Amino acid sequence: MAARVFRLLPAPPYRSGMAPSTHTVTNQAPPLVGYDVYTSDQALTEGVERHVAPELLDGVREDLSLLGRTAGSAQAQEWGVQANENPPKLRTHDRYGNRIDEVEFHPAWHRLLGKAVSSGLTNAWGRPAGHVRRAAGFLVWTQAEAGHGCPVSMTHASVPALRTDPALAAQWEPRLTSEVYEQGLRPASVKAGSLFGMGMTEKQGGSDVRANTTRAEPIAGDGEYLLTGHKWFCSAPMCDGFLVLAQASGGLTCFLVPRVLEDGTRNVFRIQRLKDKLGNKSNASSEVEFEGTWARRVGEEGRGVRTIIEMVAATRLDCVVGSAALMRQSVAQAIHHSAYRSAFGGLLIDKPLMRNVLADLALESEAATTLALRLAAAYDADTEEERAFLRLAVPAAKYWVTKRCTPTVAEALECLGGNGYVEESGLPRLLRESPLNSIWEGSGNVQALDVLRAIQREPQALNAFLQEVGKARGADHRLDAAIKDLLSELADLDGIEARARRLVERMALVLQGSLLVRWAPPEVADAFCASRLGGDWGTAFGTLPHTLDLASVVERARAVV
C-alpha cells in the first residue's frame with residue numbers, strides 16, 4: 001500500500017492579540033461579582049430593619065454591608081473555589097512516627113474562617129440584636145463558601161450548653177465569642193479565640209444517641225472523666241474543644257473534650273479517617289477514637305441530651321439559615337444570567353415562562369429568609385412565649401426549608417442550562433451542598449417526630465405557634481383556609497406519626513405564609529398564598545398562576561451589580 005502524504009496547511013493570518021473569528025464570545029452573562037451580597041437582597045435587608053432596634057440599625061447596616069461587599073468580591077469567590085478544590089488532608093503521624101492527628105487545610109479555608117470569626121459570626125449571645133445580626137451575617141457570608149460554616153455554627157451553638165455549668169461557661173465563653181481566629185493546636189488558655197466541634201453520633205446508632213456505647217469513667221477531680229469509644233461523625237476535628245455524649249454510670253452524659261490539655265500535651269483524639277462526602281468538600285468530617293481521653297462533665301450525669309439540646313436547637317436554626325443562603329445565591333445567579341442571556345428573540349428574563357420559573361424560585365428564597373430571621377429574632381427576645389414558639393417552629397422550619405433547598409438549587413442551575421452544569425459556574429458546588437442541612441442535626445423524620453413530641457407534651461409551644469400564625473388572620477382568605485385546615489389536622493391525632501411529615505410541612509407553609517402576608521410586598525404574599533396555600537400550583541417550579549405580578553417578584557429578587 002502506498003504511503004499517505006499529509007500536508008500541513010498554514011494557519012490563517014490574524015493580528016497579534018486577537019482571537020480567531022470563530023471564538024468571538026457573545027451573549028454570555030458577565031460574572032456575578034463585585035457586588036454587595038447584603039444590600040442587594042431586599043428580603044434580607046428588610047428583615048434586619050424589621051427586627052433590629054432603630055438605635056442599633058446604623059451600625060448593623062454598616063457591618064453587614066461591609067461583609068456583603070467582601071462576600072461578593074472576586075477574592076472571596078476565589079477562596080471558595082480554592083478551599084473546595086483543595087480539600088483537607090489527614091496527617092496521622094509526623095515524619096518520625098509520632099502520632100499527631102492533624103488535619104491540614106488550604107490557606108483559603110483559614111481566610112474564610114478568619115473572616116467569619118472576625119465578623120462576629122460566633123458572637124451572638126448576650127449581644128444586642130445579636131442573633132438577628134449574626135443570622136444575617138451567616139446568610140451573607142456562607143454564600144461565598146458554605147463548608148467553613150460548620151465550625152462557625154458549632155462554636156456559636158455550644159454557648160448555651162456550656163451555660164449549664166457556670167464555671168465552664170466563665171472559662172470558655174469569652175474564648176468562643178472572641179472575634180480573633182487563631183489556627184493551630186495549642187492550649188485554649190493561650191489562644192486569643194477558640195472554636196468548638198461536636199461528637200454525638202456513633203456507627204451503631206446515628207440519630208438514636210441513646211444507643212451510644214462510648215464509656216465515661218470518673219477519675220480524681222471535680223467532674224473529670226476518661227472516655228473510651230468511637231464517634232462516627234466528628235465535624236471539624238481541628239477545633240479547640242468538642243461537646244460529646246458518652247455513657248456514665250448515671251446514663252448518657254455530656255462532656256467537654258479539649259484537643260490540647262492545659263499542660264500542653266495533646267489529648268487522646270485519634271482521627272481514623274476523613275469522610276469522603278457528596279459535598280461540603282472544604283470541611284473535614286472525621287471518625288475519631290477515644291482511649292483514655294480526658295473530659296470534663298457538662299451538666300449532670302444522665303442528662304446529656306437535655307444538656308446538649310440547646311446546642312442542637314441552635315445548630316438546627318443554622319441549618320435553616322444555611323439553606324436560605326444556598327437558595328438565595330442560586331436564585332441570584334439564575335436571575336442574573338437570565339437578565340443578560342438572549343434566546344428566541346429576547347432576554348430570558350422577559351420570557352413569560354422563564355419569568356414564572358424565576359418568580360417561583362424567588363418566592364421560595366424569600367419565604368426561607370423571612371422565616372430564618374423571625375426565628376433569630378425570637379432568640380433575641382428570649383421571653384417565655386418566644387422560647388415556647390421556638391420549641392415548635394425551629395424543627396418545623398428545619399424540616400421544611402432544608403427540604404426545599406435541593407429542588408430550588410437544582411431548578412436554578414437548570415435556568416443556566418449547560419452553563420450551569422459546569423463547575424466554573426459555581427452552581428454544581430451549591431447543588432452538592434444543598435442536601436446537607438436536611439441530614440445534619442437530625443434528618444426529616446427526626447424533625448417531624450420532634451414536632452409531634454412538642455405538640456403532645458408541651459401545649460404552650462403549640463399555643464405560641466398558633467398565636468404567631470394567627471397574627472395574620474383575616475388578611476388573606478387562602479391563609480385563613482389553611483389555618484382552619486391545620487387546626488382540623490391538629491385536632492385528630494389518630495395515626496399521627498404516619499402523617500407527621502404532611503402535618504409539619506403544612507405547619508411550616510402556614511407559618512411562612514403568615515409572615516409574608518404581614519411583612520412582604522403584596523405581590524410576593526399574593527403569589528405565595530395562591531400557590532403554596534391556595535393550591536393553584538403544579539408539582540414543579542414555574543407553575544404559578546399567570547395572572548400574578550411575576551415581573552415585580554423577579555425584579556425584587558435580582559442582585560444588582
Side-chain angles (χ1 to χ4, degrees), residues 29 31-32 37 40-41 43-44 71-72 77 80-81 83-84 138-150 277-283 318-339 341 348 354 356-372 397-440 443-444 505 508 512 531-532 538-544 553-554 557-559:
L32 180 54
V37 173
S40 67
D41 186 344
L44 180 60
Q77 293 183 16
V81 171
N84 282 272
F138 194 79
L139 200 154
V140 165
W141 184 240
T142 53
Q143 289 184 57
E145 201 284 318
H148 77 286
C150 180
K277 300 168 292 185
L278 168 67
N280 200 243
K281 295 290 188 179
S282 68
N283 179 44
D318 272 6
C319 290
V320 177
V321 178
S323 291
L326 291 169
M327 293 159 78
R328 170 58 190 167
Q329 180 58 208
S330 65
V331 172
Q333 292 285 351
I335 294 176
H336 177 78
H337 173 85
S338 301
R341 181 79 164 180
L348 286 175
M354 178 59 87
N356 198 311
V357 172
L358 295 174
D360 216 351
L361 292 171
L363 289 178
E364 204 69 51
S365 175
E366 178 153 352
T369 295
T370 303
L371 177 53
K398 199 275 191 188
Y399 171 83
W400 183 241
V401 172
T402 62
K403 287 286 183 202
R404 296 302 297 162
C405 186
T406 299
T408 299
V409 176
E411 190 70 51
L413 182 153
E414 187 176 327
C415 290
L416 277 68
N419 290 327
Y421 203 70
V422 299
E423 287 293 336
E424 288 171 310
S425 73
L427 272 296
R429 193 176 87 216
L430 298 182
L431 185 59
R432 288 192 297 271
E433 195 77 26
S434 63
L436 173 62
N437 287 320
S438 185
I439 299 167
W440 189 39
S443 59
E505 173 184 322
Q512 287 181 321
S531 54
R532 275 68 169 173
T539 53
F541 286 107
T543 54
L544 295 171
V553 175
V554 174
R558 184 176 175 182

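Count residues from 1 along the sequence. Quick caveat: nothing in here was measured; it's all calculated off a predicted structure. Because only heavy atoms are used, hydrogens play no part in the values below, and waters and symmetry mates are left out as well, while side chains stay in.
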query = CD/Glu433 to NZ/Lys281 distance, rounded to the nearest 0.5 angstrom?
reply = 10.5 Å

ask   = Would you say the side chain of Asn280 lies within less than 4.5 Å of the side chain of Lys277, judging by non-hydrogen atoms?
value = yes

key: With Leu544, the side-chain contact (heavy atoms from CB on, under 4.5 Å) member among Val357, Asp360, Val553   = Asp360

note = One should read off an interatomic distance between Trp400 CH2 and Cys405 SG, to the nearest 0.5 angstrom, of 12.5 Å

query = Looking at Trp440 and Lys398, what are the two nearest heavy atoms and their distance?
reply = O-NZ, 2.7 Å

Flag, side chain of Thr369 to backbone of Ser365, donor-acceptor distance under 3.5 Å = yes

query = Taking all atoms of both residues into account, what is the closest heavy-atom pair of Thr406 and Pro435, and its distance?
reply = OG1-N, 3.5 Å

Euclidean distance, Trp141 CH2 relative to His148 NE2, rounded to 0.5 Å = 6.0 Å

query = Residues two or more places apart in sequence or in another chain: which of them pass salt bridge (charged side-chain N to carboxylate O under 4.0 Å, His left out) with Glu366?
reply = Arg556

inquiry  = Donor-acceptor check, side chain of Asp41 to backbone of Val37, threshold 3.5 angstrom: yes or no?
reply    = no

task = Determine, stepwise, if the pair Leu371 / Val401 fulfils side chain to side chain contact (heavy atoms under 4.5 Å, CB included).
result = CA-CA 9 Å; Leu371 177 53; Val401 172; 4.1 Å; yes

query = Heavy atoms, side chains only, cut-off 4.5 Å: are Leu32 and His337 in contact?
reply = no

Kindly list each side-chain donor-acceptor pair under 3.5 angstrom involving residues 407-424, sequence neighbours excluded, with atom names and distances?
unit_1: Thr408; atom_1: OG1; unit_2: Arg404; atom_2: O; d: 2.7
unit_1: Glu423; atom_1: OE1; unit_2: Arg432; atom_2: NH2; d: 3.3
unit_1: Glu423; atom_1: OE2; unit_2: Arg432; atom_2: NH1; d: 2.8

inquiry  = Measuring only between side-chain heavy atoms, which start at C-beta, is Leu44 closer than 4.5 Å to Leu139?
reply    = yes

ask   = Do the side chains of Glu145 and Gln77 get nearer than 4.5 Å, heavy atoms only?
value = no

remark   = Closest non-hydrogen atoms of Leu431 and Ser434, given as atom of the first, atom of the second and distance, are O-OG, 2.6 Å

Side-chain donor-acceptor pairs under 3.5 Å in residues 320-335, sequence neighbours left out?
unit_1: Ser323; atom_1: OG; unit_2: Cys319; atom_2: O; d: 3.0
unit_1: Ser323; atom_1: OG; unit_2: Asn437; atom_2: ND2; d: 3.3
unit_1: Arg328; atom_1: NH1; unit_2: Ala557; atom_2: O; d: 2.7
unit_1: Arg328; atom_1: NH2; unit_2: Ser40; atom_2: O; d: 3.1
unit_1: Arg328; atom_1: NH2; unit_2: Ala557; atom_2: O; d: 3.4
unit_1: Gln329; atom_1: OE1; unit_2: Gln333; atom_2: NE2; d: 2.8
unit_1: Gln329; atom_1: NE2; unit_2: Tyr35; atom_2: OH; d: 3.3
unit_1: Gln329; atom_1: NE2; unit_2: Gln143; atom_2: OE1; d: 2.8
unit_1: Ser330; atom_1: OG; unit_2: Leu326; atom_2: O; d: 3.2
unit_1: Ser330; atom_1: OG; unit_2: Met327; atom_2: O; d: 2.9

